Amino acid sequence: MNTTLKLHEEYPPPGEEDSIRQITEIMRRNYERAYPAGASPALRGVHPKSHGCVRAHFVVDEGLPRELRHGVFREPRVYPAWVRFSSTSSRVQSDMKRDSRCMAIKLLGVEGEKILDGEKDATTQDFLMGNTDVFFSRSVADYVELMSAMSAGKPLSYFCSLRPPRLRLRELMNYLSVVLKPVKNPLHARYFSQTPFRLGARAMKFCVVPRPCGAPGVEVEPGDEALKQAVARQLEQGDWMFDFLVQLQAHPTKTPIEDPTIRWSEDLSPFTKVATMVIPAQRLDLPGQAEFEENLSFTPWHALPAHRPLGGLNRARRAVYEAISKLRHERNGARREEPAAPRAGRARAPSSAGPARLGLG
């Protein structure tokens, strides 16, 4: 065990930059194969299947401990937000097929210089999560192997093979936790960051936990579009809430920054609630809403320095998300531009005036 590791610090392994270039090129080739020049519309490289994009209010709690009061949690405040539910697969497929289900939150009206070049003055902060708390690649180099195996149509060879001899047992168990964890309504699931992020000078992970507002939970009959139907019917009945919680790094190896296959024990570092996200009752089929959603870009690097993404997988995501988002918008002839907070202080749903009213024209 390496006893020199320090809390809250990153340790990029040798050769990682080459691995990031490789994974970016693999993802770019896969995307260009799926959406050649002239093809339209070009969907997202991952998470193309939407289960609803909804407006929300992100309410930062009062009285937080000093160690948690950083970035958007610095003071009690209500941020308008957009929340997108999706599936991970790079292809739009039936909801009957098992897949990782995800949530992406985009806060609006977030002041302060951001990390990404060219978007320093953007007023958004993104939080991306999946419905399991661990990942199935330890490093960017491992992720290159996984994507190469998937591109070759042999994904299981990443986890176990005879030549070369290999058994990635923890990674396999983490992968099975995804496919064996069905979600019947995206509003009923718990979502996790999986990878760590800054919280001021410290490192954290975060998650959201559903908190019903009194309306009974809605599930629908299995079908190709069952998950979006479940979200729509749930929000027809009334509001829905999620608690937003953070978990601070407690040990450099038991809660590591560079290995997202290791679960951060809640016994070692319990989650603490820092905000409530309220999703008001609403419709998902308003005019202009689908176009608005498709033009949104989500990346963990839409962030304040106080919430800087940490670890190898996040360092790779910066390059991959940027490359694929740029390519997708070029294919679609759309501008890449972060939405602004509505003047009235509320995240209004799209209207027949279209996405231009939301700062995406």
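If you're wondering where the values come from, they're calculated on a predicted model, not measured in any experiment.
- A salt bridge links Arg28 to Glu25: one of the charged nitrogens lies within less than 4.0 Å of a carboxylate oxygen.
- You'll find the side chain of Pro300 stays beyond 4.5 Å of the side chain of Asp126, heavy atoms only.
- Side chains of His188 and Glu219: no donor on one and acceptor on the other come within 3.5 Å.
- For Phe206 and Phe73, the ring centers are positioned 6.0 Å apart or more.
- Counting only N and O atoms by type, the side chains of Tyr143 and Ser19 include no donor and acceptor under 3.5 Å apart.
- Side chain of His329 to backbone of Ala334: no donor-acceptor contact under 3.5 angstrom is found.
- With Ser87 as reference, Arg101 is the one residue of Arg98, Lys49, Arg101 to meet the side-chain hydrogen bond (donor to acceptor under 3.5 Å, both in side chains) rule.
- Under a 4.0 Å N-O distance rule, the pair Arg315/Glu258 qualifies as a salt bridge.
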Set out, in order, the CA-CA distance, both residues' side-chain angles and the distance that settles side chain to side chain contact (heavy atoms under 4.5 Å, CB included) for Arg166 and Glu145, then state yes or no. CA-CA 12 Å; Arg166 176 190 300 134; Glu145 290 189 38; 3.3 Å; yes
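- For the atom pair CG of Asp133 and CZ of Phe271, the computed distance is 7.5 Å after rounding to the nearest 0.5 Å.
- Glu17 has its side chain within reach of Arg21: a pair of non-hydrogen atoms, C-beta onward, lies under 4.5 Å apart.
- Salt bridge present: Arg336 and Glu322 bring a charged side-chain N and a carboxylate O closer than 4.0 Å.
- A salt bridge does not link Lys97 with Asp99: every distance from a Lys NZ or Arg NE/NH1/NH2 to an Asp or Glu carboxylate oxygen is 4.0 Å or more.
- Within the 4.5 Å cutoff, no side-chain heavy atoms of Cys102 are placed close to those of Leu128.
- Both tests pass for Lys106 against the ring of Phe298: distance under 6.0 Å to the centre and angle within 45° of the axis.
- Glu266 CD: more than 12 foreign heavy atoms inside a 6.0 Å radius.
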Test Glu119 against Thr124 for side chain to side chain contact (heavy atoms under 4.5 Å, CB included), laying out the working first. CA-CA 10 Å; Glu119 297 185 3; Thr124 56; 5.9 Å; no
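- In this structure, Asp142 and Glu171 have side chains that are in contact, with non-hydrogen atoms separated by less than 4.5 Å.
- Among Val178, Thr261, Leu176, the one residue that satisfies the side chain to side chain contact (heavy atoms under 4.5 Å, CB included) test with Phe136 is Val178.
- Note: Tyr158 and Tyr175 fail the aromatic proximity criterion, with ring centroids not under 6.0 Å apart.
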Val59/Met277 under side chain to side chain contact (heavy atoms under 4.5 Å, CB included): CA gap, chis, key distance, verdict: CA-CA 6 Å; Val59 186; Met277 187 169 68; over 6 Å; no
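- Counted by atom type alone, Ser177 and Thr132 present zero donor-acceptor pairs between their side chains at under 3.5 Å.
- Cation-pi geometry between Arg317 and Phe135 is not met: the NZ or CZ atom fails to fall both under 6.0 Å from the ring centre and inside 45° of the normal.
- With salt bridges taken as basic N to acidic carboxylate O contacts below 4.0 Å, one links Glu294 and Arg328.
- In this structure, Thr195 and Pro309 have side chains that are not in contact, with every pair of non-hydrogen atoms separated by 4.5 Å or more.
- Residues Val60 and Tyr79 have side chains in contact (heavy-atom distance under 4.5 Å, counting atoms from C-beta outward).
- Looking at Glu9 and Ile257, their side chains never come closer than 4.5 Å, going by heavy atoms from C-beta outward.
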